[in-house]
Amino acid sequence: MKKTLTILSIASAMIFGTIGTVEAQKRKVRYADEQMDLIDFQHAVEVYQEAYAKKPNYETAKKTAQAYEVLRDYDNTFDWWKTTVGRIRGGDTG
């Protein structure tokens, strides 16, 4: 019985920890979107990159590439579009 409770508590901690990470990443992306609306593109890029570092996905990579494009930082734009295309080829489109 004690072993079963230990396993269940570890499993639930892992599940809730993952959910917390996903929510934190979504909050960061929403905040970066707001910064884009406020025309604070450099700060938005930084926040998008933080969010991507926590949980890499297609949408965040795409938004990072678009933010760099607005800043006319074409070297980073190219790198992030390569990352975005790589996410598509890997099967991650959303």
Side-chain angles (χ1 to χ4, degrees):
M1 180 70 171
K2 186 175 181 182
K3 189 175 183 178
T4 304
L5 286 175
T6 303
I7 291 171
L8 286 174
S9 64
I10 290 171
S12 64
M14 290 174 62
I15 290 170
F16 290 120
T18 302
I19 291 170
T21 302
V22 170
E23 276 305 308
Q25 193 253 3
K26 286 180 182 178
R27 277 194 301 258
K28 280 190 179 289
V29 171
R30 280 194 304 267
Y31 177 71
D33 290 344
E34 290 173 9
Q35 295 307 303
M36 288 293 287
D37 291 341
L38 295 171
I39 311 174
D40 190 357
F41 304 119
Q42 185 61 47
H43 187 57
V45 162
E46 293 165 5
V47 178
Y48 282 136
Q49 287 178 324
E50 289 174 19
Y52 187 84
K54 282 189 181 260
K55 185 174 186 305
N57 66 32
Y58 166 80
E59 195 61 38
T60 307
K62 179 181 171 185
K63 288 181 178 192
T64 306
Q66 291 170 331
Y68 270 122
E69 196 168 339
V70 171
L71 289 170
R72 297 181 182 186
D73 183 343
Y74 298 118
D75 290 335
N76 280 317
T77 299
F78 179 75
D79 290 340
W80 278 97
W81 278 118
K82 276 194 324 190
T83 301
T84 303
V85 170
R87 301 294 319 166
I88 293 172
R89 287 186 179 169
D92 176 19
T93 58

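Quick note: numbers below take in every heavy atom, side chains included, and nothing from hydrogens, waters or symmetry partners. Throughout, numbering of the chain's residues begins at 1 and tracks the sequence.
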task: Anything under 30° is parallel, anything over 60° is perpendicular, the rest tilted; go ahead and classify Y31 against H43.
output: perpendicular
query: Under the 3.5 angstrom rule, does the side chain of T60 hit a backbone N or O of P56 as a donor-acceptor pair?
result: no
query: Does one hydrophobic cluster hold both V47 and L38, with members joined at side-chain heavy-atom distances below 4.5 Å?
result: no
- prompt: Among side-chain atoms of Q49 and Y68, is any donor-acceptor pair under 3.5 angstrom?
  reply: yes
- prompt: When rounded to the nearest 0.5 angstrom, what is the spacing between CZ in F41 and CZ in R72?
  reply: 10.5 Å
- prompt: Cluster question for you: counting only ILVMFWY and a side-chain heavy-atom cut-off of under 4.5 Å, with indirect links fine, are V29 and Y52 together?
  reply: yes
query: Do you reckon V45 sits in the same ILVMFWY cluster as V70, going by side-chain contacts under 4.5 Å, direct or chained?
result: yes
task: Quick one: list whatever passes salt bridge (charged side-chain N to carboxylate O under 4.0 Å, His left out) with D33, sequence neighbours left out.
output: K63
message: Hydrophobic clusters here meaning ILVMFWY residues chained together by side-chain heavy-atom distances under 4.5 Å, can you tell me if M36 and L71 are in one?
response: yes
query: Can you name the nearest heavy-atom pair linking A65 to T84, along with the distance?
result: CB-OG1, 4.4 Å
task: Could you tell me which non-hydrogen atom of A32 sits nearest to which non-hydrogen atom of A44, and how far apart they are?
output: O-CB, 3.6 Å
message: Would you compute the distance between atom CG of D79 and atom OG1 of T64 and round it to the nearest 0.5 angstrom?
response: 12.0 Å
message: Minimum heavy-atom separation for T77 and E69, please, with both atom names.
response: OG1-N, 3.1 Å
message: To the closest 0.5 Å, what do you measure between CD (E59) and CD (Q25)?
response: 10.0 Å
task: Any chance you could measure K26, atom NZ, to K55, atom NZ, to the nearest 0.5 Å?
output: 8.5 Å
field: Distance in Å, W81 CH2 paired with Y74 OH, rounded so as to fall on 0.5 Å steps
entry: 13.5 Å
query: Which value, rounded to the nearest 0.5 Å, describes the distance between E34 atom CD and R30 atom CZ?
result: 8.5 Å
